[in-house]
Structure formats: C-alpha cells, structure tokens
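The structure appears right after this line, and notes come after that.
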Amino acid sequence: MWLMWGRDLPNVSDLDVLEFSGQTRVYDRTGTLIGTLTPSLSSGNSVNRDLLKLTDISPYLQKAVVTSEDRRFFEHHGVDYMGITRGLLKGLLKKDLEGGSSITQQVVKNTLLADLHSARTPERKFKEAVLAYQLDRDFDKNQILNSYLNIIYWGDGGRGDIVGAGGAAQAYFKKPASDLNLAESVYLATIIPAPNRRYKDFAAYRPLMKDLLGRMVEDGRITQAEADAAWKTKIYPAGWRISWNDDGTLRGATLERPARLQENLDAAQSGQNRYQYQSYLQAVEKEMLTKVSRKQLYDGGKLYTGMDIQAQQAAEKASLDSRLPAGATLGIALVNPANGQALALVGQNFFEGRRPDDWNNATQARRQVGSSIKPLLYTLALSQGWKQSDTVLDSPIEGDYQPMNYDRRWTGRYVTMRYALDHSLNLPTVRMGQEIGMENFQRKLRELGFTPPTDAGLSLSIGTLEASPLQMAAAYAAFANGGIYFEPSIVRRFEDKSGKVIYNHQPVSRRVWDEQTAWLGLDMLRGVVGDLSPAQGGLAYKAKINDWEVGGKTGTTNDIKDLWFAGVTPLVSGAVWVGKQEGGTLPSWAYSGDIPTPVWQDAVSGALAGRSPTTFKEPSGITYRVVRRVNMAFLTSNADAEPVARDGSRQSQQQNNPSAPSDNQNNQTENPQPAGESAAPAPADSVPTAPDAAPTPDSIPAAPPTQEGSATLTPDPTAPAAPPSNEIPPTNPSNLAPSEPDPTLPEIPPAQGGAAGQGSGAPANP
C-alpha cells in the first residue's frame, strides 16, 4: 500500500499557520502598504481567513466538540483504532467505509486531503491514517484541536459556508466564540455531523444535547450541576422562535427566518473596510504559495506587488456600482501594458463591508470568451497580408459545421474585415478561420498565453476558448505596446523579515506581433468602439472615455452564459467577465455592450482619472485611406492595393473537420444555428454577390440597428457623407510608451488630481 499510496503525501507542516505571526506586509507598486497576509486554512471548497487562537474559543465548546466527535482524542496517537474497528465493521456490513475518524483524521481530511474529501476509498483512509500519525507526532493536541475548530463546516450561511468556531458563534448566536456558554456550545457540537439538516429541526435533535451533556459528565469534562444548569438554559439559535418550560423542555419551536444566519455574519462586518483589496491579496497569496513555503510566506517580511491603488479602488467601485442580472457575479483584471503587472483584480461582485468569496474569477476562472477572441484572429490575418478593406463573404458555411450570425440573418454579400468586426459577424469570421487555418490560430493563442482546445475546430474562431480576465487583459495589452506579450504577474519582490530577497520576479515577454501589425489590430479595435453610434448599433460605444483613446471588443457566448468586454487604452489594458458562478443562462436582455462594458469603462476611467491623457504610439510605415466611409489604417507598402474578396474556399479538410464537436456540444458562441435547421433567409434585397465580384459601397443593405453579431447594420444614412480620403488626416499620435516596452520602464504616471472612479465617459447602464 505504501508503494501505491504513500508517495507524494502532503506536508503536515502546512497546518502550522496558526503559529505564524500573520505580519507579512504587502505593498503596492509605489511602496504604499495595502495590507497583511493573514494565514488561512482551507476546508474543502471553503477557506477560513479569520483564524482564532484556542484562547479565543470558549472552553465549553472545546470540551463539547471533543466529547461529541472524538472522546479519546487526548489518548490516541492520531488514529483511534477502536473507532477504526467500528468503521471497518460498518464497512463490511453496510459497504460504507465512513465512520471512526478521529479529530486528527478529520483535520487531515478537510485540509491536506481536501481533494479526496468525498471519496470513500481505502486509499483515502490509508492516507488519512498516515498523515494523522505524522500530525500527532509533530503537533500537540491543543494545536490540532485548534486547527479543527477553525476548519470544521458548520452549515450553509446563505451566500457562503459557515466555517470555523468564530463564524458559527456569530451566525447562530451573534456573539464571539469566546462568549459561548455551555448550552450554546453543546448545541453547536450537536449539529456538526449534519448542520443543515439538524439546524432546521430543533425539536428533533434537542434530545441529543441532553445525551451529550451526560457524556461530558461521564468524561469528567463538566460536573452534573453544570450539565443540569445547561439543560435548563434557554437558547435561541438565529432564525428560531422558541418557547421554553422551566425544566428545559420545549413548549414550541418554529423556524421563522433562516436568513438570520447570513444577516448575523453581515452584521459583524458592517461599517468595516477590512476587505478592501481582498481579491488582490488572495491572488498574491495564491501566486506566492507556488514559489515559497507557507512558513516563509506567513512568517513576516515584505511583498511588493504591481497593484495601483487608484486602479484597484476604481475596479472595486465599478463592481460595487455595477448593475448585474440577478444571480450574476463578475471578474475584473487590469494590467499595465508596459510590463504585464496586474494593476487591479476583483474576483467577485464587490459588496461594501463583505468579504468577497474565495474563488477569484479574475485569475482562476476559465470561461468561454465569445467574440472577444475575434480581434486576435483578425490580427493574425493582418499579419499574413490581409487588409482591413479585404472583403469576406457573409453567407452560410458549407459542411457539417453550421454557425450563424447573432441575429440569425445573413446578407449573402461581401463585407470588409472592418465591417465584420464592428458588427461581430460570425459567418465572415469563420470563413477567415478557414483560410488562415485553425492550427495557425492555435499556435498564436498559445503565444498569447492561452491553452486552446485542440478539438474545437472552426468554433475556436468565434469563441470556444476558455480564459480568465487576467489572461484576456494580458493578451489585449500587446495591442497597446507595439506587439509584445508579457506574461501577467502580480508580485514583483518578496523579502523575508530580515530583509533577504526570497523571490524577485523576472518578466517573461515575447514578441507576438510586429509593430505595424499590432497597430493595424489596434486600429480595428478602436473602430469597434468608435465607428458606430448608438443609433447604428455600436457594440462598444459605452467603453468610450473622454479625452482617451480606447479600443476593445465585446463577447457573448451561446445561451448568454458569459458576457465579456476586453479593451485597451495607452496606459491600461483590462477585461471584465460577467456570468453566474455556477454557470447557467443569463436573461435574454443581457448584452455584453450593456453590462460588462460599462463596468470596464468605470474601472478604467477611474484608474486613469487625474492623469494627463496620452495617445497610442503609432509606428512608421502606416498610412490611412477611407474605404466605405471609414478611415482605415494600412501598411504604407500595400495601401493602394485593391481589396481581395475572400470566401473561405481555401480551407483544408482538417480546418473544416466534420468530426469536430458540434455547436451544441461546444456551447458555441453567438447563437449558432441548431442542427438540421436551414439558414435564415437573407433580406429580400440581399442578392448574393458572385465570389469574385469587386465589392462596392452599396453592396451592404441598410437595416435597423440590432445587437451584437448583426449581419445588416450600416452607417447612419442621416450622417453627412465622409469627405475624400485626402481630407481626413491620418492619426499620428505621439508621447506614448515605446513600442517594445522595457520591464524597467517607469510605471503609470501618478494622478494629478481627481478621485478614483470619477472618470467621465459613456453614460451609465440604464
């Protein structure tokens, strides 16, 4: 068994966090203190960051828990062999290996072996026993009991789990754990085996309290007089209306408001700002635990990060002010394009005075990105010699793979690349993917820090990639810095308490676009934000920030499960994801241009508030030409070349692989056509153009505005005609960061006034 299961066991020293000082200080990019790292203990999927010393926990609760859960705790050496024997007999008779676990084993099971928590296997039991023995050897009993009381699950509080004695005392009795009396302690110990069920039926489990009091007397932990007094003590767990007889029996008990559990937890946090920066600190902790030991991390010292306090405050305020669909949460990541350092991270929808959940959507989540992937494909096409004015056929795809435009319409005509991206059309995008090749696209995505699925087929071109907001922000940053991808980073340096440098981040970067290609891609992103007015159906106009250049792209996945906006300014690149934590569909009225885009705008405008507006740095070799009333950037070398009409006809069998997963199997983005359904008919005036026909300005029919993915939007016919190309001067910005940023470049310049989160821009989401 040792050869099978004894290798690579977790280190029990990870549980000594209760002995650490918790005074490791964390600083932002300017050296301003932003908080301290508090040791935490994980309990399955939950984390307790408010650890209590044993002296802060009522001795009555300690005694009640030991008698209830492991009467021989102070006698055995981590494993209660009498309990194990009972558990084995139960397993033989009932085919159930649960039962018989000591407190020490439960600590191991809920922390070091949390990934095997639900597995009722001999392997888990073996590992539990080995680690419990090691834990008992290396720690004294009070340390082990203290760990147990900090990680034990005490029920569902509503928005999150009730974990640890401190949370249980507050939730059930609205008091500190040190103030629990004997009756309250016995109640809490009694519900541990099944807190959610036992909490909801006070009368049924009241007799267990008397039984536990009797066993505590037998064990010599309390006197009979104390037990008798505790039995007659009137207790009122949160949410219950209880009437008592003088002898300790019930006259009545009614569960009226279970929500009081969460309200009590919230009351302890009201008026506090203790959870400001919590998402960033969580990310710091997670990153550093892959680089140093827990003892090093929590034993004092200094951590210097890439956080910008103004940006972090703005992102938290944007979350606080966001208008999300019911049941939705979010993730926000802002990075510095000059070096890839994370300026701000918000891992959950932020609420004033309430600690965010421990799962950090900004860094840990992997969600389908929808159409926000399209600029990466379009820029890859530009790197291969395509031009924004090249046209692509907007008509159904031949073969088994049958995606659809978002509004389920198609024109049958050739549209420019710029038009296809402005309107987020799926059909032209998939045709581009056919010509470029999915293998080429996958290679580029890997260069940009993603892990693309190898079996997605053409669906990858319109968004089946899964990524985090931090990954998307880092990938988009390459548009703002001249084509350099920096692997995103959070911590810059870690010094121990003696000042010795334990960790020093070495930036990892690589060129993913040449300077001119990055600029052409950026020009298309700016078009998504600025080409179309709200009346014309502009998808990202709510990302505009006064006096600042902005580029970006929305994204919506199938069944409206995930909403995205990723965008760039000269000083900040960022991404916002909105969706349900557990997955699931958002309301039909939820659009990416209306929900994550204003959040992005609020966060980024707040991060930039008070700073002098700068512009993107344009490289040499760029010129401009008006095509179909849109001023587009071109390489000077091919600006006068005729547009090329493309219909995706050069695809290989591999690129249009009929064995690739179907739309429905892959949660295909942008509302694909269901299997077996024919393409929606084109508008009456949209006669398909011959594949080799030269595109003309009037080949795009006018149509009313629609939402993302529309195939039929056009420039506003009431707008004045665009002047000739020689009357529109090319953009020639200056005073920008160099196109190949050096890791040693100065950070974002400090604000010259104005408060975070007060930048002006697009109107608020209605």
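Since we're looking at a predicted model, the values are computed, not measured.
Not a single donor-acceptor pair under 3.5 Å links the side chain of Thr32 to the backbone N or O of Asp28. A distance-only check finds no donor-acceptor pair linking the side chain of Thr379 to the backbone of Leu376 [under 3.5 Å]. No side-chain donor-acceptor contact under 3.5 Å links Ser371 to the backbone of Lys374. Judged by distance alone, the side chain of Ser573 and the main-chain N or O of Ala477 form a donor-acceptor pair under 3.5 Å. Between the side chain of Gln348 and the backbone N or O of Trp359 there is at least one donor-acceptor pair closer than 3.5 Å. The backbone N or O of Leu345 lies less than 3.5 Å from a partner atom in the side chain of Gln312, making a donor-acceptor pair. Remark: side-chain polar atoms of Asn440 are paired, donor with acceptor, to backbone N or O of Ile436 under 3.5 angstrom. Side-chain N or O atoms of Thr636 include one that pairs as donor or acceptor with a backbone N or O of Gly621 at under 3.5 Å. Put simply, the side chain of Arg25 never gets that close to the backbone of Leu33: no donor and acceptor are under 3.5 Å apart. Remark: side-chain polar atoms of Glu285 are not paired, donor with acceptor, to backbone N or O of Leu37 under 3.5 angstrom.
Summarising the local packing, NZ of Lys302 is surrounded by 12 or fewer heavy atoms from other residues, nucleotides or ligands at distances under 6.0 Å.
With 3.5 Å as the limit, one finds a donor-acceptor pair spanning the side chains of Gln581 and Asn361. With hydrogens and angles left out, the side-chain atoms of Ser592 and Thr556 include a donor and acceptor closer than 3.5 Å. Side-chain N/O atoms of Thr597 and Tyr591 include no donor and acceptor closer than 3.5 Å. Residues Lys553 and Ser424 bring a donor and an acceptor atom of their side chains to less than 3.5 Å of each other.
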(request) Quick one: do Ser509 and Glu487 satisfy side-chain contact (heavy atoms from CB on, under 4.5 Å)? Show the steps, please. (result) CA-CA 6 Å; Ser509 64; Glu487 290 186 4; over 6 Å; no
(request) Under the side-chain contact (heavy atoms from CB on, under 4.5 Å) rule, what do Met632 and Thr416 come out as? Steps first, then yes or no, please. (result) CA-CA 11 Å; Met632 303 181 185; Thr416 64; 4.2 Å; yes
(request) Dump the intermediate steps for side-chain contact (heavy atoms from CB on, under 4.5 Å) on Leu465 and Leu460, then the final yes or no. (result) CA-CA 6 Å; Leu465 176 75; Leu460 183 63; 4.0 Å; yes
(message) Checking Ser468 against Thr363 for the side-chain contact (heavy atoms from CB on, under 4.5 Å) test, could you report, in this order, the C-alpha distance in whole Å, the side-chain angles of both residues, the deciding distance, and whether it holds?
(response) CA-CA 6 Å; Ser468 69; Thr363 58; 5.7 Å; no
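Minimum heavy-atom separation, Lys544 to Gly530: CE-CA, 4.0 Å. Closest non-hydrogen pair, His505 versus Val491, comes out as CB-O, 3.3 Å. Of all heavy-atom pairs between Ile373 and Gly463, the closest is CG2-N, 3.5 Å. Here the closest heavy-atom approach between residue Ala473 and residue Ala333 is recorded as CB-O, 3.8 Å. Taking each heavy atom of Gln310 and Ala609 in turn, the nearest pair found is NE2-O, 2.8 Å. The nearest pair of heavy atoms linking Asn631 to Asp523 is O-OD2, 4.4 Å.
Every pair passing salt bridge (charged side-chain N to carboxylate O under 4.0 Å, His left out) that includes a residue from residues 443-452 is listed here, sequence neighbours excluded: Lys444-Glu447.
Rounded to the nearest 0.5 angstrom, Ile490 CD1 and Met307 CE are separated by 10.0 Å. Between atom CH2 of residue Trp548 and atom CG of residue Leu571 there is a gap of 4.5 Å, rounded to the nearest 0.5 Å. Distance CD1/Ile34 to OG1/Thr305: 4.5 Å, rounded to 0.5 Å. In this structure, CD1 on Ile332 lies 7.0 Å from CG on Leu334, to the nearest 0.5 angstrom. Taking CG of Leu297 as the reference point, atom OG1 of Thr24 lies at 5.5 Å (rounded to 0.5 Å). Of the inter-residue distances, the one linking Thr554 atom OG1 with Leu563 atom CG reads 9.5 Å to the nearest 0.5 angstrom.
Side chains of Gln276 and Glu316 form a contact here, defined as non-hydrogen atoms less than 4.5 Å apart. Two residues are said to be in side-chain contact when any heavy atoms from C-beta on lie closer than 4.5 Å; Val292 and Tyr298 fail this criterion. Side-chain contact between Lys561 and Gln368 is absent, with no heavy atoms from C-beta onward closer than 4.5 Å. Taking 4.5 Å as the limit, some side-chain heavy atom of Leu470 sits within range of a side-chain heavy atom of Val335. Under the 4.5 Å side-chain criterion, counting only non-hydrogen atoms from C-beta, Asn405 is in contact with Pro428. The shortest side-chain heavy-atom distance between Thr557 and Arg367 does not fall under the 4.5 Å cut-off. Residues Leu427 and Val392 are not in side-chain contact: their nearest non-hydrogen atoms beyond the backbone lie 4.5 Å or more apart. A heavy-atom distance below 4.5 Å is not found between the side chains of Val630 and Asp422.
Ring geometry for Tyr476 against Phe479 counts as perpendicular: the plane angle is over 60°, on a 0 to 90° scale with 30° as the lower cut. The aromatic rings of Phe565 and Trp600 sit perpendicular to each other, their planes meeting at more than 60°, with 30° as the lower class boundary.
Between Lys317 and Asp602 there is no salt bridge, since no side-chain N of the basic residue sits under 4.0 Å from a carboxylate O of the acidic one.
In this structure, Phe494 has no ring-ring contact (aromatic ring centres under 6.0 Å, His included) partners at least two apart in sequence or on a different chain.
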